[in-house]
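Below is one structure, written out as structure tokens; the observations come after it.
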Amino acid sequence: MDAEALSRIQFALTASFHFIFPPLSMGLGLMLVVIGVIYVRTKDPKWRRLSFFWVKVYGLIFALGVATGVVQEFEFGMNWADYSRFVGNVFGSLLAAEGVFAFFLEGGFLGLMLFGGNRLGPRLWLFSISTVVIGAHFSALWIIMANSWMQTPAGFTIATDPAPARAVMTDFWAVVFTPSFWPRLMHVLAASWTVGAALMMSVSAWYILRKRHIELARSNMKVALPAFILFATANVAIFGPNQAIEVTNEQPLKLAAIEGQWGSTSCAPLHLIGWVDEATGTTTGIAIPCLLSVLAYLDPQAPVAGIDSFAPAPLPPINLVFQTYHFMFGVGTLLVPVGVLAGLLYLWRRRLYETRWMLWLLVLTVFAGEATITAGWWTAEIGRQPWVVYNVLPTADGTSPLLGATDVVISLGMFLALYTLLLVLFLYLLNRKIQEGPEELEAVETADVGSLPDTFRDIFSRPRRAADVGDEP
């Protein structure tokens, strides 16, 4: 393989591994805010125990997300130097905004979130948790802005003097709010909230199966299961179709590729499963008539352009895009009936807690959710190939000209070894934390909750200790 192909593989590896953690951070963070609000309103100590437990899990996820995310910044310079030079005025501005406005917000309150349970009152601790969670969502907003510009570039011109050619921002708001931004943002956020609720639900189901922390697990399940049903259903019924409409309007070739639609046709079918033979230009599988036309145009008789109508335009790897999309679509859709069935079992005399096979399905939802999110990102990124900036800059023209294949092989091997170690370490620490379970409040609280400052006025009006001010004369 040449340096370009190896660089693609390396970036796919590091980006896919990194993206395990941001959705969990946003989704679990939102659920942390929910149980924090419940504690502030009810003063029930079980919610405080759950807050201490999940904050520690969040800290582990956040640490891995930061460590793996920094790598992406270096790869832009090392592997994709020409791309970085071309988009630096646009893409670089958005990444800089993410660092200034979002990352500092997260980092500034992260310490209070992780260690504030014994130093702040419930409301101030909830405020610090909420601020970190807002920062995580704000960070995702800027990243999705940058990536959406690569999918549907707007608000720029190409300057050639002085050389080399580069994209120059001409309209900030057009760059920020490209046609694909809002549909992609909501699709990503809903998926992240789903997988965060799934993590909380998965651990609760596991505790119930193992007959440990039963009261806590059932309480946690009462919060996580409705959230999971709501977010998964909204993504399948609203945000996913909105994303399909955006792809139809802005990237019709990607739409044809993800469905293996070779010839233009009305009442276009949507495949549930299948295989694309790119050599013969045929797609075989099980399909629902007219459903693609409905999702894309909200009209069962609407014509959908096929791959052949874009010839001789360069094509993405059709079968790969087809398979990743249908994995995302199929597994993501299956999450809805799993959640609804669990909800019905819960409402039916709490039979959910006695139905072991259903509980095991709930344990697996977090893994299915993460796999679905990864497949969705692969569909989005591979589907726009061979363009790194759609219809503007080919991926082959974005590589580092002085980078050799040997250099990439060495760094790829190092990343494989390092990321394998990080994954093993993450799973070990996460499993140990789950095995230990929520600690008793007596074991984690070092001060009476009522004595902790719970408003900003409390903080600034509390008298300083004599050791801080010195002996009075």
Side-chain angles (χ1 to χ4, degrees), residues 4 7-8 11 14-15 18-19 22 69-107 134-189 242-243 245-247 249-254 313-314 377 380-401:
E4 177 199 340
S7 293
R8 287 175 183 251
F11 197 86
T14 55
H18 166 66
F19 207 66
V70 171
V71 172
Q72 314 302 308
E73 311 289 342
F74 287 103
E75 283 188 283
F76 286 136
M78 293 186 298
N79 296 74
W80 304 98
D82 283 352
Y83 161 79
S84 299
R85 277 191 288 267
F86 183 84
V87 304
N89 183 267
V90 179
F91 194 80
S93 301
L94 299 177
L95 290 187
E98 186 259 343
V100 172
F101 296 115
F103 190 72
F104 281 115
L105 183 64
E106 292 178 270
I134 291 171
H137 283 73
F138 204 26
S139 178
L141 181 141
W142 288 103
I143 295 299
I144 294 171
M145 279 180 184
N147 188 266
S148 296
W149 182 83
M150 294 166 62
Q151 299 282 347
T152 53
F156 74 102
T157 187
I158 297 178
T160 57
D161 186 24
R166 63 203 179 279
V168 177
M169 187 185 302
T170 57
D171 186 338
F172 174 77
W173 296 112
V175 167
V176 167
F177 298 113
T178 62
S180 63
F181 169 67
W182 283 114
R184 299 181 82 242
L185 175 66
M186 296 311 301
H187 194 38
V188 170
L189 290 182
N242 285 346
Q243 178 73 55
I245 292 172
E246 177 274 319
V247 171
N249 295 333
E250 303 298 330
Q251 296 175 298
L253 175 55
K254 180 188 287 188
W377 273 105
E381 299 307 298
I382 299 171
R384 74 158 183 266
Q385 297 302 317
W387 305 97
V388 64
V389 180
Y390 193 62
N391 285 336
V392 175
L393 179 67
T395 305
D397 293 346
T399 57
S400 300

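For this chain, numbers begin at 1 and follow the sequence in order.
Between Gln151 and Glu250, the side chains place no donor N or O within less than 3.5 Å of an acceptor N or O (distance only, hydrogens not considered). For the residue pair Gln385 and Thr395, a side-chain donor N or O sits within less than 3.5 Å of a side-chain acceptor on the partner. Ser139 and Glu98 are linked by a side-chain donor-acceptor pair at a separation below 3.5 angstrom, with hydrogens and angles left out of the test. Thr14 and Glu75 share a side-chain donor-acceptor pair at under 3.5 Å.
Between Met150 atom CE and Tyr390 atom OH the span is 13.5 Å, to the nearest 0.5 Å. A distance of 5.5 Å separates CG of Leu189 from CD1 of Ile144, quoted to the nearest 0.5 Å. Atoms CE and OG1, on Met78 and Thr399 in that order, are 14.0 Å from each other to the nearest 0.5 Å. Interatomic distance, CD of Glu246 versus CE of Met186, reported as 14.5 Å (0.5 Å rounding). From Trp149, atom CH2 reaches atom CZ of Phe156 across 5.5 Å, with rounding to the nearest 0.5 Å. The CD atom of Glu381 sits 4.5 Å away from the CG atom of Asn147 when rounded to the nearest 0.5 Å.
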Margin query: Apply side chain to side chain contact (heavy atoms under 4.5 Å, CB included) to residues Leu94 and Val176 and explain how you reach the verdict.
Written below: CA-CA 8 Å; Leu94 299 177; Val176 167; 4.3 Å; yes
Next item on the list: Report the C-alpha distance between Phe86 and Phe91 in whole Å, list the side-chain angles of each, state the deciding distance to 0.1 Å, and finish with yes or no for ring pair (Phe, Tyr, Trp, His ring centres under 6.0 Å).
Entry: CA-CA 9 Å; Phe86 183 84; Phe91 194 80; over 10 Å; no
Notebook entry, point to check: What do the steps show when you test Leu95 against Phe76 for side chain to side chain contact (heavy atoms under 4.5 Å, CB included), and what is the final call?
Noted result: CA-CA 12 Å; Leu95 290 187; Phe76 286 136; 4.0 Å; yes
Margin query: Apply side chain to side chain contact (heavy atoms under 4.5 Å, CB included) to residues Val188 and Trp377 and explain how you reach the verdict.
Written below: CA-CA 9 Å; Val188 170; Trp377 273 105; 4.2 Å; yes
Next item on the list: Show your working on side chain to side chain contact (heavy atoms under 4.5 Å, CB included) between Trp387 and Leu393 and close with a plain yes or no.
Entry: CA-CA 6 Å; Trp387 305 97; Leu393 179 67; 5.7 Å; no
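Across all their heavy atoms, Ser7 and Asn79 have their closest contact at OG-ND2, 3.1 Å. Val175 and Ala154 make their closest contact through CG2-O, 3.3 Å (heavy atoms, listed as atom of the first residue, atom of the second, distance). Minimum interatomic distance between Val392 and Pro153 (heavy atoms only, all atoms of both residues): CG2-CG, 3.9 Å. Closest non-hydrogen pair, Ala167 versus Asn89, comes out as O-CB, 3.3 Å. Summarising the geometry of Arg85 relative to Pro401, their closest heavy-atom pair is NH2-CD, 4.1 Å, with the distance given to 0.1 Å. Scanning both residues, Glu4 and Trp80, for their nearest heavy atoms gives O-CH2, 4.4 Å.
Between the side chain of Arg384 and the main chain of Val388, a donor-acceptor pair closer than 3.5 Å is present. Panel note: side chain Ser400, backbone Ala81; a donor-acceptor pair is recorded below 3.5 Å. For Lys254 (side chain) and Val247 (main-chain N/O), no donor-acceptor pair under 3.5 Å exists by modelled atom type. Remark: the backbone N or O of Gln243 is not paired with any side-chain donor or acceptor of His187 at under 3.5 angstrom. The closest donor-acceptor contact from the side chain of Thr178 to the backbone of Ala174 lies at 3.5 Å or more, if one exists at all. A donor-acceptor contact shorter than 3.5 Å links the side chain of Thr170 to the backbone of Gly155.
Under a cut-off of 6.0 angstrom, the local environment of CZ in Phe172 is crowded, with over 12 non-hydrogen atoms contributed by other residues, nucleotides or ligands.
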